[in-house]
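Everything on this sheet refers to the single structure shown next.
The structure presented is a predicted model; accordingly, all values stated were derived computationally and were not measured. Order of listing sets the numbers, starting from 1, for every ligand and every atom in it. FYI, side chains are in, hydrogens and waters are out, and symmetry mates aren't considered; it's all heavy atoms of this structure.
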Amino acid sequence: MSLGKIIDKKYNDLSRRIDMQKVPEHIAIIMDGNGRWAAKKGLPRSFGHKSGVSVLKEILKASKKLGCKVLTVYAFSTENWTRPIEEVNYLINLFCEVLKNEIEEIHQESIKLKFIGDLTPFPENLKKIIYSSESLTKNNNTFLLNVCLNYGGRQEIVKVAKELALKSSSGEIKPSEVNEELFNSELLTQGIKDPELLIRTSGEKRISNFLLWQLAYSEIYISDVLWPDFNEFEFLKAIIDYQSRNRRFGGIESLPNESFEDSQYSS
Ligand code: IPE
Ligand code: IPE
Ligand code: MG
């Protein structure tokens, strides 16, 4: 069997194991490992960032094919400004280029594009293309792609606290009315269901200030693969792993035919 056929077979075997009824509606991804991927090849870090773009396209297509509805990707964190200015500038230019090149196809695919984070510090040319992309795709309803840019989970929570404090001091709400629902309504992700699954590539086992509120009960899948090497095959592995989890949300696993009275807690 040729190598191509072996890969096809492995892919088909994997996709057959997916339960299409249990595909997460919302998947969040920390696309990590670009710099290490480039360094391993003796290349500048920028090569890793550039290579990561086609991976995002592949994963976006794969998510749509599976029937997932929302993908939220971490592209630039509030802490990434601490990187060398050359790398930050490279990333900003890359975001501009990618948006310019891809927006037509994104729109044709009926994908709604939304940017999450504080866009204020970015240069005007990037902000302009971001706003026009969001406006062009605002009525698309097949799929939602959230790109987190200059995003930090703590900053988002502080922003919500400030909004609620302001509303409270102006008398619009009472402090006693502050609850999870109200808090949710001020988040940058308001109206979007929390992710059922978080994928982080490159083997790092941390959240790095991503969606701190929204990930409260998400299943976490860590892939050792560096983002530029990640692909549909690895993505399917993450979905299959997710589908094997028992999501308890603080409760207990419901076992068939076991009533509360039968359990160890009855006297
Ligand atoms: C993720 O890859 C992309 C961004 C943070 C923009 P990194 O650039 O963090 O790559 P590593 O983790 O240094 O390998
Ligand atoms: C998280 O990755 C941010 C993005 C992927 C955009 P980092 O590489 O910045 O996170 P740390 O520094 O490893 O925690
Ligand atoms: Mg990293």
Side-chain angles (χ1 to χ4, degrees), residues 26-60 63 70-102 113-123 126-127 129-130 145-159 187-189 192 195 197-215 218-231 234-235 238:
H26 182 179
I27 302 176
I29 308 183
I30 303 178
M31 310 180 289
D32 197 18
N34 295 351
R36 277 164 283 166
W37 180 89
K40 266 174 59 182
K41 294 186 159 2
L43 297 167
R45 293 175 59 84
S46 54
F47 280 71
H49 297 313
K50 202 171 166 64
S51 299
V53 176
S54 54
V55 179
L56 176 56
K57 284 176 69 178
E58 182 173 337
I59 300 309
L60 180 59
S63 313
V70 185
L71 200 61
T72 301
V73 295
Y74 209 4
F76 192 89
S77 76
T78 42
E79 289 71 32
N80 288 148
W81 294 105
T82 60
R83 295 187 178 201
I85 184 73
E86 296 77 21
E87 181 167 349
V88 170
N89 285 339
Y90 180 86
L91 284 167
I92 290 174
N93 285 328
L94 185 66
F95 299 147
C96 281
E97 283 307 305
V98 172
L99 260 183
K100 260 188 239 157
N101 295 338
E102 305 295 334
L113 191 57
K114 188 174 150 67
F115 287 83
I116 294 183
D118 177 11
L119 302 179
T120 336
F122 289 117
L126 177 58
K127 282 194 270 199
I129 181 155
I130 284 179
L145 174 63
N146 294 314
V147 180
C148 296
L149 272 195
N150 190 27
Y151 173 85
R154 284 189 171 178
Q155 290 80 350
E156 181 183 30
I157 289 171
V158 169
K159 185 194 92 70
L187 288 170
L188 300 169
T189 53
I192 304 167
L197 171 64
L198 167 71
I199 299 173
R200 181 167 189 153
T201 59
S202 89
E204 302 296 354
K205 297 174 186 69
R206 53 177 172 263
I207 291 183
S208 300
N209 206 12
F210 192 40
L211 303 174
L212 297 183
W213 173 280
Q214 298 85 342
L215 293 175
S218 308
E219 295 298 324
I220 299 176
Y221 179 87
I222 307 285
S223 166
D224 285 332
V225 176
L226 303 171
W227 179 251
D229 283 334
F230 199 71
N231 53 30
E234 296 299 327
F235 183 64

Polar atom proximity, N80 to ligand 1 (N or O, under 3.5 Å): no
N/O separation below 3.5 Å, G35 to ligand 1: yes
Atoms in ligand 1 with a heavy atom of A75 nearer than 4.0 Å: 6 (C)
Look only at interatomic distance and state if [X] has a nitrogen or oxygen under 3.5 Å from any nitrogen or oxygen of ligand 2.
X	value
E204	no
D32	yes
S77	no

Under-4.0 Å protein heavy-atom contact, atom 14 (O) of ligand 2: yes
Side-chain ion pair, K50 and E97, N-O less than 4.0 Å: no
NZ/K40: more than 12 non-hydrogen atoms of other groups inside 6.0 Å: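 No, because the 6.0 Å sphere around NZ of K40 holds 12 heavy atoms or fewer from other groups.
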Pair F76 + W81: ring centers closer than 6.0 Å: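 They qualify: ring centres under 6.0 Å apart.
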F76 and ligand 2 - part of the residue with a heavy-atom distance under 4.0 Å: backbone
Option nearest atom 2 (O) of ligand 2 (shortest heavy-atom distance, choices E79, M31, R200): R200
Shortest heavy-atom approach to atom 5 (C) of ligand 1 - which of H49, E87, R83: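 When every heavy atom of H49, E87, R83 is considered, R83 comes closest to atom 5 (C) of ligand 1.
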Heteroatom test (N, O or S) for E204 near the Mg ion (ligand 3), limit 2.8 Å: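 Here the distance criterion (N, O or S atom, under 2.8 Å) is not met by E204, so no.
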